[in-house]
Amino acid sequence: MTARHLVLIGMMGAGKSSVGAECARRLGRPLVDTDDVVAALAGVPVPEIFATAGEAAFRTLERQAVADVCRSPEPLVVACGGGVPVDAGNRRALRAAGVVVWLRAPVALLAARVGDGDGRPLLGRDRIATLGRLDAQRHDAYEAAAHVSVDTADLDVESVAGAVLVAFGEHGA
Ligand code: S3P
C-alpha cells in the first residue's frame with residue numbers, strides 16, 4: 001500500500017505553511033501548497049485570480065488542485081488553503097488520500113499571525129471580524145474533514161510539527 005499524504009487544514013494564520021515545511025523536512029517529503037498549485041494552473045498569483053475571475057473561479061481551480069495533489073503517487077505533505085475543506089468533495093478526496101490534521105488557534109492569534117493580510121484577498125479591513133466569521137462558518141467542515149486536530153496556540157513551529165507527526169503516526173501514516 002502507498003504511504004498516505006500528511007494533509008494540513010485550518011484557517012489562514014493557523015500555521016499550515018510553516019508547520020508543513022517543518023514536517024516535510026523531518027519526513028523527507030515535498031511540501032505542496034494548494035494555493036501554489038492553483039496559481040500554477042491559472043498562470044497568475046492567487047490574489048489576481050480573485051481580482052479578475054472571482055472567488056467561484058478560484059474555488060473551481062482549487063478543487064482541481066486538490067484532486068491533482070491527492071492523485072500524486074509520491075507521498076506528500078499538503079498545506080491546504082483555508083477554504084479547501086468547505087467543499088464536501090475536497091473533504092472526501094483528502095480523507096481518502098491522507099491523514100488530515102486540523103491546526104487550530106484562537107481568532108485573535110490567527111489575526112496576529114496574518115498581519116496586514118497581504119496576499120489574502122478574503123481578508124477585509126476588519127481582520128478579526130472576518131476571521132471570526134469564517135472560523136465559525138467553517139468549524140463543522142473542518143471537523144468533518146479532520147482525522148485529528150492539534151492546538152497551535154501556545155506552541156512554536158517545532159513543537160506543533162512534533163505534535164502533528166505524533167498524530168500522523170497514530171492515524172495510520
Ligand atoms: C483562503 C485562504 C488562503 C487562500 C485564499 C482563500 C480561505 O490560503 O487559499 O486566499 O478561503 O481561507 P491560506 O489559508 O494558506 O492563507
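Both counts, for ligands and for their atoms, begin at 1 and track the order of listing.
For R138, the heavy-atom gap to ligand 1 drops under 4.0 angstrom.
Short contacts between ligand 1 and G83, defined as distances under 4.0 Å to a heavy atom of the residue, involve ligand atoms 7 (C), 11 (O), 12 (O). Applying the 4.0 Å criterion to heavy atoms of G81 picks out, from ligand 1, the atoms 8 (O), 9 (O), 14 (O).
Within 6.0 Å of CZ on R92 lie no more than 12 heavy atoms contributed by other residues, nucleotides or ligands.
For R113, no heavy-atom contact with ligand 1 is shorter than 4.0 Å. Heavy atoms of L122 found under 4.0 angstrom from ligand 1 belong exclusively to the side chain. No part of E55 comes within 4.0 Å of ligand 1, judged by heavy-atom distances.
Ranking the protein heavy atoms by distance from atom 10 (O) of ligand 1 puts P121 CD, 3.4 Å first. Protein heavy atom at the shortest distance from atom 9 (O) of ligand 1 is D35 OD1, 2.7 Å.
Of the N or O atoms in G82, one or more lie within a sub-3.5 Å distance of an N or O in ligand 1. Of the polar atoms of K16, at least one N or O is found under 3.5 Å from an N or O of ligand 1, judged by distance alone. Annotation: R120 places an N or O atom under 3.5 Å from an N or O atom of ligand 1; distance criterion only.
At distances below 3.5 Å, at least one donor-acceptor pair connects side-chain atoms of H5 with backbone N or O atoms of L76. Listed for the Y142 side chain is no donor-acceptor partner under 3.5 Å among the backbone atoms of L103.
Each of V69, V84, D87, V99 was compared with L94 under the side-chain contact (heavy atoms from CB on, under 4.5 Å) criterion, and only V84 meets it. When each of T34, D33, V32 is tested with D36 by the rule side-chain contact (heavy atoms from CB on, under 4.5 Å), just one qualifies, namely D33.
Looking only at atom types and distance, the side chain of T152 has a donor-acceptor partner in the side chain of R113 under 3.5 Å away.
Among residues at least two apart or in separate chains, there is no salt bridge (charged side-chain N to carboxylate O under 4.0 Å, His left out) pair with a member in residues 149-165.
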